[in-house]
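Atoms considered below: every heavy atom in the structure, side chains included; atoms not considered: hydrogens, waters and symmetry mates. Numbering of ligands and ligand atoms starts at 1, following listing order.
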Amino acid sequence: MFKKQNHLCRCLAAALLFVAAPTAGFAADVVTSPDGSIKVTIGVKDGRPYYTVNHNDKVVVNTSYLGFRLSDAPFDNDFRITSKSRNTKHGTWTQPWGEDRVVDCHYNELRVNLQQKDRLRRQLSLVFRVFNDGLGFRYEFPRQKNLGDFQIMEEKTQITMPVDAEAWTEPTNRTRYYEALWTKAPLSTKDTVSTPITIEVGDSLFMVLHEANLTDYASLNYTPRHLPGAAVTLVAALTPWSNGVKVYATAPFVSPWRTITITKTPGELITSKLMLNLNEPCKIADTSWITTGKYVGIWWEMHMRDYTWSQGPNHGATTYNAKRYIDFAARHHMKGVLVEGWNYGWDGDWTKDGDKFSFTNAYPDYDLEGLQRYALDRGVSLVAHNETGGAASNYENQLDSAFSLYRRLGIKVIKTGYVNPLMDDKEDQHSQYGIRHYRKVLETAAKYHIMVINHEPAMPSGLCRTWPNLMSGEGMRGQEYNAWSSDGGNPPYHVCVLPFTRGLAGAMDFTPGIFDFTNKAQPGTRPQTTVTKQLAEYILLYSPWQMAADKIENYEGHPAFSFIETVPTNFEKTVVLDAKIGSFLTIARKDRYSDDWYVGSATDENPRDITVNFSFLDKDNQYVAEVFSDGPGADYRTNPYPISYERILVKSNDSLKIHLAPSGGAVIRIKYAR
Ligand code: NOJ
C-alpha cells in the first residue's frame, strides 16, 4: 500500500511538472545590466506584453505596454510567451572618427518570443539589451505564414514615468527641420515631442529617450498621456506618410531600437555610447578615405544678404570669390571650401521648385573643374553643396551622375540640404519616405567614397557607426539663426542645452566661429554670445567637419583665429568636467593624433567662475596651456569682443580658475611639453 502511495505521489508530481512547464514560459522574466544597476522585467499581462525598469532598486519606468495596431488587426494583445533566450556580449570596437576612439560594448540580452492566441497565430519577438548606462529594445517580426506585407498604423510603445519629471524637449508639431528651441518643463505639460527627450528625474538621475538604427521606418516622437496609475505615460507617435500609414513592412522585419539612457550625471549622457552600440558594425570595408577636418565657405555672406545664391550682380559663387577662399584655406590649414549657389537651380523660388536643381551643371561664372584643380594643388578641396529644395526624386535621379563627377574631380565631402519640410511636395522629411531617401543618398555616397554633411536631416540615430561617411548634420537651430532670426538669434542658454539634447543623437554641423557681430541686413540679430564662447563651440558642439563660419576677412589677423586653426576634429577621448544642463558645461577632449588636450567651457546669460581641474592629464607630464577667456568688460549684450590670452605651465595636479562673462566662454589649448 505504502509503495503504491509512493508511486501515486511520483505520478502526481510528474503530472504537476508537466503542467507547470508550459506555465513557466508565461512568467515575467528579468534581465539586468552587466553591473547589476539596471533591472528590466519583461512579461505579458492579460495578453499584453509589457516591461518595467529599475535603476538601483528604484522604479524608473513603471509597467509600460508594447505592441502595434496593424491595418488589419490589433497587434498589442492576445499574446502568450512561447519561448525566451539570452545572450551576453562584451567587447570593444574602434570609431574611425568621433569623440572617443575606442568604444566599450557590454550588454545582457533577453529575447522574448510571443504568439497571438487567435486563429492566425501571428508572432512577434521583443529583444531587450541592457547596458550599464541604459537599455534598448526592439520589435522583430519573424517570417511567418499569416504576416507577409503589412502596414503599421500605430506603434503603441509606452514609457511610463513614475514621476512627472522636468524634460528638455522640442515639439514635433509645427516644428520644421527639428529647428525649435529646446524648453524645459514637466513632461505632462507637453504636446507631442520629438526624440531625443532629456529628462531630469532628479539631481542624480538623468534619462534620455531616443532611438537607434532608424532604418526603413518612421521617426519616433512621443505623446505624453495621463493613464491611470502613472504620473505620465509617453506613447510612441511615429511620423506618418501623407495617407496616415506609419510604416510599410514585409516580414521578416525589425523596428529601430527604442533607447532609454540612464545616468547619474549629465556628463555621462554625453559620453554614453549606448546608441552607437545598438547600431550595426561598419559596412564600409576600407574607411581610409573617410577623414575629418575644417572648412570655410561662401556662406555667411549669403545669410547676411551681401551675396545671393542665385545669379545676378551679387552672385556669391564666382570663380574669383572661390579662389580667395581656397587661398585662405590653404594658408590656414583648412581642408575644405564650401561654396553655396554654384549650380543651376537657385534662380526663382528654389524652396518650392527644387526639381530645377542640377547637381552637375555649374553657373557660367563658376569654373567647377578649374577651381577644384586649383584647390587640390594647394592641399584643399571644394565641399559640394547639394541643396535639393526638398525635391528628393530629382536628387535621387542625379545621385549617380553627380557623385561620379565629384569622385572624378576629387570632391570628397558634400553638404546636402532640404529646405522644404515636405519631400517631393508630399511626404514629411521624417516619415518612412524621408528616411528611405536619406539612406539612399548615404549608401550611394559611400559607393562613390563621398562623406555627407546633412542639413535638414533625419534626426541622427547612430547610423554613423554603420555608415561612417555620415559625418555631421543640422537638425537644430544652428548659427544661421544668428543671421536672420526675428527673435534676435539663439538665446544664451542654447549652446548649454544642445550637447545634452540634439548632440546626443549625433554630430552637429552648428557652424561656429562668428567673430564679427555686425548685421546690416537684420540689425539686432547676432550671436547672443561673446567671441570666446564662439571658440568654445568647437569643443562643446562636436562635429568631425567643423566650419569656420565667418567671412574670411573677419579672420585675417585675428589673434583668436589660431585656436580655430589648430583645434582638432577627431578625438581620442572625451571627459565632461562639469555641467548643468542649460546653464553651463566644461568638456576636455584629447586629440586623436597627439598628446594634446583641448578644453571648452560655456555659460548661459549668467556670468560664472569655473575651476578647471587638470586631473585628466597624464601624471608626471608637463604641459603648456594657452587660455583664451573673456576679457575685461566682456558681456554678450554690450561688449562681446574682449579676449584675454594667457600661457601657463600645468600638470595633472593643478587647477585653474577662469571667469566666464554673461553668455561667455573659454578654451584652453594644452600642449604636451616634452
Ligand atoms: C539651410 C541650411 O541650413 C543653410 O546652411 C544653407 O545655407 C541654406 N539652407 C541654403 O541651402
Side-chain angles (χ1 to χ4, degrees), residues 175-181 294-311 314-317 321-322 325 336-359 362-363 366 382-392 394-395 402 413-423 429 438 441 452-460 471-485 489-490 494 498 502 506-514 519 521-522 525 527 537 541 543 545-551:
T175 297
R176 295 166 145 213
Y177 325 120
Y178 296 118
E179 290 178 10
L181 286 173
K294 281 163 289 188
Y295 65 104
V296 285
I298 301 180
W299 180 76
W300 188 243
E301 290 89 331
M302 265 82 102
H303 289 270
M304 288 277 122
R305 290 185 235 150
D306 297 344
Y307 290 151
T308 58
W309 282 278
S310 56
Q311 297 186 92
N314 295 326
H315 186 214
N321 252 341
Y325 270 77
V337 174
L338 167 76
V339 183
E340 297 204 353
W342 65 274
N343 54 325
Y344 274 96
W346 292 92
D347 311 308
D349 188 352
W350 52 272
T351 66
K352 293 208 175 66
D353 302 322
D355 50 4
K356 298 214 168 57
F357 275 119
S358 161
F359 302 99
Y363 279 138
Y366 185 80
L382 295 170
V383 172
H385 186 225
N386 287 183
E387 172 58 59
T388 65
N394 176 53
Y395 191 34
V413 183
I414 61 168
K415 169 182 167 181
T416 57
Y418 297 84
V419 183
N420 184 333
L422 293 183
M423 280 196 178
Q429 291 181 346
Y438 292 119
V441 173
V452 179
I453 300 170
N454 184 189
H455 278 225
E456 298 82 32
M459 183 56 73
M471 307 307 290
S472 190
E474 208 182 24
M476 74 197 136
R477 277 179 59 136
Q479 185 84 269
E480 62 184 1
Y481 277 74
N482 299 329
W484 40 252
S485 186
N490 297 319
H494 192 52
L498 285 178
R502 161 64 183 81
M508 293 178 278
D509 192 40
F510 184 85
T511 67
I514 298 301
N519 187 344
Q522 180 127 338
T525 295
E537 289 169 1
L541 309 177
S543 178
W545 280 92
Q546 283 284 24
M547 186 175 196
D550 210 336
K551 305 173 197 172

Next on the checklist: Under a 3.5 Å distance rule, please check whether Asn394 uses its side chain to pair with a backbone N or O of Gly354 as donor and acceptor.
Outcome noted: yes
Next on the checklist: Heavy-atom contacts with ligand 1 below 4.0 Å: which residues, ordered by chain and residue number?
Outcome noted: Trp299, His303, Trp309, Glu340, Trp346, Trp350, His385, Glu387, Lys415, Val419, His455, Glu456, Glu474, Glu480
Next on the checklist: Tell me if the centroids of the rings in Phe357 and Tyr344 come within less than 6.0 Å of each other.
Outcome noted: no
Next on the checklist: So, applying side chain to side chain donor-acceptor pair (under 3.5 Å) with Asp509, which one of Lys415, Gln479, Gln546, His455 is it?
Outcome noted: His455
Checklist entry - How are the rings of Trp309 and Trp346 set relative to one another: parallel (under 30°), tilted (30 to 60°) or perpendicular (over 60°)? => result parallel
Checklist entry - If only atom types and distance count, is the side chain of Thr351 paired as donor or acceptor with the main-chain N or O of Gly389 below 3.5 Å? => result no
Checklist entry - Between Arg477 (side chain) and Tyr178 (backbone), is there a donor-acceptor pair under 3.5 Å? => result no
